[in-house]
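Predicted model, so just to flag it, every value in this text is computed and none were measured. Computation of the quantities below employed the complete heavy-atom set of this structure, encompassing side-chain atoms and omitting hydrogens, waters and symmetry-equivalent molecules. Per chain, numbering begins at 1; letters A, B, ... match sequence-line order.
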2 protein chains.
Amino acid sequence: MISRKERDKQLRRSDILKAAEHLFALKGYHKATIRDIAKEAQYASGTVYLHFKDKNDLYFALLEEKMKSMLFTTKERVAQANDVKKKLEIFVQEGLSFFEKNQDFFRIFISEEDGYFSERKILKSSTGLQTQEYTAGLLREAQKKGLISKDFDAEQIAEVFTSIIKTIILNWLQKKDVRNNNLIDLSGTILRLFLKGVADK
Amino acid sequence: MISRKERDKQLRRSDILKAAEHLFALKGYHKATIRDIAKEAQYASGTVYLHFKDKNDLYFALLEEKMKSMLFTTKERVAQANDVKKKLEIFVQEGLSFFEKNQDFFRIFISEEDGYFSERKILKSSTGLQTQEYTAGLLREAQKKGLISKDFDAEQIAEVFTSIIKTIILNWLQKKDVRNNNLIDLSGTILRLFLKGVADK
DNA sequence: ATTTTAAATGAACAGTTGTTCAATAATTAG
DNA sequence: CTAATTATTGAACAACTGTTCATTTAAAAT
């Protein structure tokens, strides 16, 4: 059971997270100040520290939440498909669509990151590891069904796979102002490239 | 003809660039202060501003120089090969080897970048554009020789190609402390993945 | 209604850093 | 050798920001 007091606390917490998301997305990590965030959430700066240890903590809480929800919906949608290829398709699509929806926030990755936080910590976070493991499992399944050569190590291929997707996304983010194509439309190309390469015939 | 005065000026400039390279590599952009850099170059902080407009300018001058030298040696080595596949091989190898040699400096990319500078500006820099164009030309050649399907747009494929390499490098940088494999050894895998995908048989 | 407990505030603190510029030192010219 | 020019210096400036904490305000308990 959750007390009224606790629920209110959660609400305030999410007020701050919401403001943080907006400002991190708008200005990047360094240029979004605690003052800004507190102001947007309609609190004083000190209040932020009643909910988060420090600025880093706030940022990672936000990130963890985002990734958790991405993994959750992806798993859910992938589970509905039967054959492996379809699963991979949905996996890619879901990933791209999530980034498209949250593009402002994820823009931080191309704009600025601070020393030791960056991806190293993200990948090692609980949800990060879960995601990596889930992806490897999916590809292992694809290997079993003969879709992917058994020469490759599943974990390694999983890395490359997510890397490609990540890269496509980053590139897309960077050129968003120039082109105006849909990110999800790229999912076919990605899978083709990954599964069949670009070889002729 | 270059006067003594000018040569000395160039020398001081490169003193500062050298120190900047070391400290940016060691601490990242934000945490490497002008004071640090000046001190290591054995100058006072004010002197830096006699050679560079500001910290940003210093950073980009460094980056431009690095990229210029990379493009130059790559072009030189690639030109020596005759068949296209070999050219691609050398291209990949050269890229990887350059990053391996300058890994400390390029570590900045995974550790921290500031707002509007990041890759957007790099890619649009003169050398960045030249590199992109050169890569596209190489892939266009590969298309002509039937190595790559003509369905693809050369510029687009060039992007994906460099993206994959970049990603592999970033991943490698991130895990350098964990694994200890050689970056250049990955070139074969990269080309295989790119040209043939990971399809079975 | 009064006391006790908890939450929120925001001014003040402490530290940092890019940048400037008057003063100083070194170089060059006459 | 002296004067003029140029380069170098580094203390001082100004602006910023994460974080704290004494004080105020609100809520809960009695």
Exercise for the section: Find out whether B/K144 and B/E141 are in side-chain contact, i.e. whether some heavy atom of one side chain is under 4.5 Å from a heavy atom of the other. Expected result: no
Problem - Verdict with supporting geometry, B/I16 and B/F52, side chain to side chain contact (heavy atoms under 4.5 Å, CB included) - result: CA-CA 10 Å; B/I16 294 168; B/F52 302 92; 3.8 Å; yes
Handout entry: d(CG, A/L50; P, D/dT25) in whole Å
Key = 17 Å
Problem - Between C1' of C/dT9 and NZ of A/K39, the distance in whole Å - result: 15 Å
Handout entry: Pairs touching residues 45-55 of chain B that satisfy side-chain hydrogen bond (donor to acceptor under 3.5 Å, both in side chains), sequence neighbours left out
Key = none
Exercise for the section: Take the protein atom CD1 of A/I37 and the nucleotide atom P of D/dT19, then report the distance between them rounded to whole Å. Expected result: 11 Å
Handout entry: A/D36 CG to C/dG10 C1', straight-line distance once rounded to whole Å
Key = 15 Å
Practice task
Quick one: list whatever passes salt bridge (Lys or Arg N to Asp or Glu O under 4.0 Å) with B/D36, sequence neighbours left out.
Solution key: B/K27
Handout entry: B/Y59 and B/Y29 aromatic ring geometry - parallel, tilted or perpendicular at 30°/60° bounds
Key = perpendicular
Could you pull out every donor-acceptor pair under 3.5 Å between side chains of residues 88-96 of chain A and any protein atom, sequence neighbours left out?
unit_1: A/E94; atom_1: OE1; unit_2: A/R77; atom_2: NH1; d: 2.9

Fill in the blank from the handout: Between CZ of A/R12 and P of C/dA6 the distance, given in whole Å, is 14 Å
Practice task
State plainly whether the residues A/E21 and A/K66 are in salt-bridge range, i.e. N to O under 4.0 Å.
Solution key: yes
Completion exercise
Taken to the nearest whole Å, CD1/A/I16 to P/C/dA7 is 13 Å
Practice task
Specify the separation, in whole Å, of atom CG of A/D15 and atom P of C/dT9.
Solution key: 11 Å
Practice task
List in chain and number order the residues that pass salt bridge (Lys or Arg N to Asp or Glu O under 4.0 Å) with B/R13, two or more places apart in sequence or in another chain; answer none if no residue qualifies.
Solution key: none
Exercise for the section: Produce a footprint string for nucleotides 12-23 of chain C: one letter per nucleotide, 5' end first; B if the base is under 4.0 Å from any protein heavy atom, S if only the sugar-phosphate is, - if neither. Expected result: B----BBBB---
Problem - Beyond-backbone contact of A/S14 with A/Q10, side-chain heavy atoms, under 4.5 angstrom - result: no
Exercise for the section: Would you kindly give the NE2-to-C1' distance between B/H51 and D/dT9, to the nearest whole Å? Expected result: 13 Å
Exercise for the section: Report the end-to-end axis angle of the helix from C/dA1-D/dT30 to C/dG30-D/dC1; each axis comes from five terminal pairs, and the value is rounded to 10°. Expected result: 10°
